[in-house]
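So the structure is just underneath, and the comments pick up after that.
We name chains A, B, ... by the order of the sequence lines, and we start the count at 1 in each one.
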There are 2 protein chains.
Amino acid sequence: MGEILSANSIEGVVRKDVPERVISRLPIYLQTVETIAATGQATISSEALAARSGVSSSILRKDLSQLGRSGRRGVGYSCEDLASTLRTFLGLDRARSVAIIGAGRLGSALADYAGFKRRGLSLTAIFDTDEAKIGTVIGTLPVSDLTELATWPEDIDLVVMAVPASAAPAAARIAAEAGVRGILNFAPTVLDAPDSIRVHQVDLASELQVLAYYSALDSAPLNPGFEEHRN
Amino acid sequence: MGEILSANSIEGVVRKDVPERVISRLPIYLQTVETIAATGQATISSEALAARSGVSSSILRKDLSQLGRSGRRGVGYSCEDLASTLRTFLGLDRARSVAIIGAGRLGSALADYAGFKRRGLSLTAIFDTDEAKIGTVIGTLPVSDLTELATWPEDIDLVVMAVPASAAPAAARIAAEAGVRGILNFAPTVLDAPDSIRVHQVDLASELQVLAYYSALDSAPLNPGFEEHRN
DNA sequence: CCCTGTGAACGTGTTCACAGCC
DNA sequence: GGCTGTGAACACGTTCACAGGG
């Protein structure tokens, strides 16, 4: 045991509990540093890496320092080492298997996303409940019946949920029973899932509505005088 | 640099400055309360609305209190009034116009998303640079040449970017020059845009990598005694 | 008595500034 | 001199608990 521990640092140091905010930035750093490594550059400073990742250099250093010492003072971070540290820390050294539920337009489009393998993920299966779709091929994978998820021969770690809101809760229940550990939910509905399963929401309309708020903000004042509402 | 632009101090309009965290939850409340209103229920308590939105009741009350008084003590919130307050606050009372850039599989799938109008958004145009795609029809909209965005007759408030990472920066520049106020970027690359434009990132692989981290976390038993390492 | 609205306490995340090592 | 790593200061977000109107 303790693979996870040794993963983070060479000297058997601690795995402090790393806040989710930090975790959510690591994939960005990973992607940036991989891009830089691909150009042949051997090292990069926190300043430069932060700028290209859209964060401040101090937060980048704080974040990376939580994975154990990974940079060298006076030099910067080794691109290769850092990429490898990040991959290991995120658990991507062995590819995580992903299934897509929903073989409609969105599911098909996401399945086509070329970057799975390159980013430590392996698309293992696509499920649907629609008999007309089952058996058709998307990319290289045939669409399987969702009921087969429960007895699927390979472990499925993560699910991308690309079904209508009405179908999402039932599909989530099936995924949870099959032992899936995380769901990325594109359906515009809050899923309540057991604690064993982690759900992240991606809602096109909600994201656009937030942007709409800010777009309205500086072009036209709304609600004049709403300040005064106090009681 | 840090995309943390302060959206408060713009154009002289000083409104009580509502934190982004709060703004990002409002669309969820809106959707939940609309669903409840559709069942005919007239009022709802903070407790119930919070549970169905996946937040705590105290945070819901704090959030809503920032939009002015919207509930009634002893009773709860009027579903209709609250929905209307939220829509107005988010600037959705007049539909915000959205364009999609990228008429590939993802762009087409997103264009098909039925909920635009219902959620205060109006899909106005779809752009691409590929001549083979220009002129084809997606849903009810023809695909237009991206160069036309600059002189598009209708105002375009928001853009959904559904192009490969390599094409995203150039497309973002065109959008920025056309006066677009917000970009929802599905391309897996950090866009740096002028301050006048707000960029939100949706990255399939990054989201899955975060889920991968947590899935690895508790499937492996935690190191016994790891508590003690905390300092 | 019910349920919102809110100050005050608490906890978490970010920035600052510099010590420490290259 | 350059750049990381990190405590300490600061800012922000959440929860608590209760005052106060219905």
Atom pair distance, as rounded to whole Å: [atom1] in [X] and [atom2] in [N]:
{"X": "A/Gln66", "N": "D/dT4", "atom1": "CD", "atom2": "P", "value": "17 Å"}
{"X": "A/Glu47", "N": "C/dT15", "atom1": "CD", "atom2": "P", "value": "12 Å"}
{"X": "A/Leu67", "N": "D/dT6", "atom1": "CG", "atom2": "P", "value": "12 Å"}
{"X": "B/Leu49", "N": "C/dC2", "atom1": "CG", "atom2": "P", "value": "20 Å"}
{"X": "A/Arg69", "N": "C/dG20", "atom1": "CZ", "atom2": "C1'", "value": "12 Å"}

Q | Pairwise distance CG(A/Leu82) to CG(A/Leu67) - rounded to 0.5 angstrom | A |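 Those atoms lie 8.0 Å apart.
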
>> Just verifying a value: how many Å separate B/Asp203 CG and A/Ile28 CD1, rounded to the nearest 0.5 Å?
In response: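 Spacing of CG (B/Asp203) from CD1 (A/Ile28) equals 8.0 Å.
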
* To do: Mind running a 4.0 Å heavy-atom check of residues 70-80 of chain A against DNA chain D and sending the residues that fall below it, in number order?
  =>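 DNA chain D contact set from residues 70-80 of chain A: A/Ser70, A/Gly71, A/Arg72, A/Arg73, A/Gly74, A/Val75, A/Gly76, A/Tyr77.
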
Cationic N near anionic O, under 4.0 Å, A/Arg61 to A/Glu47
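Salt bridge absent between A/Arg61 and A/Glu47.
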
With the threshold set at 4.0 Å, does a side-chain nitrogen-carboxylate oxygen contact exist between A/Arg198 and A/Glu20?
->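 Here A/Arg198 pairs with A/Glu20 in a salt bridge, since their nearest N and O are under 4.0 Å apart.
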
Check your understanding: Is it true that the side chains of B/Arg119 and B/Gln31 contain a donor and an acceptor less than 3.5 Å apart?
Key ->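 Yes, a side-chain donor-acceptor pair sits under 3.5 Å.
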
Compute whether any side-chain donor of one residue and acceptor of the other, for A/Arg52 and A/Thr32, lie under 3.5 angstrom apart.
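No, A/Thr32 and A/Arg52 have no side-chain donor paired with an acceptor closer than 3.5 Å.
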
Taking the side chain as everything from C-beta on, heavy atoms only, tell me whether A/Leu60 gets closer than 4.5 Å to A/Ser56.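 Of all side-chain heavy-atom pairs linking A/Ser56 with A/Leu60, none is under 4.5 Å.
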
Quick tally for nucleotides 11-16 of chain D: nucleotides whose base has a protein heavy atom under 4.0 Å get B, sugar-phosphate-only ones S, the rest -, giving --SSB-

Between B/Ser46 and C/dT4, is there a contact of a side-chain N or O with OP1 or OP2 at under 4.0 Å?
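B/Ser46 to C/dT4 OP1/OP2: side-chain N or O found under 4.0 Å.
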
Stepwise salt bridge (charged side-chain N to carboxylate O under 4.0 Å, His left out) check, B/Asp157 with B/Arg181: CA-CA 5 Å; B/Asp157 299 304; B/Arg181 312 302 320 283; over 6 Å; no

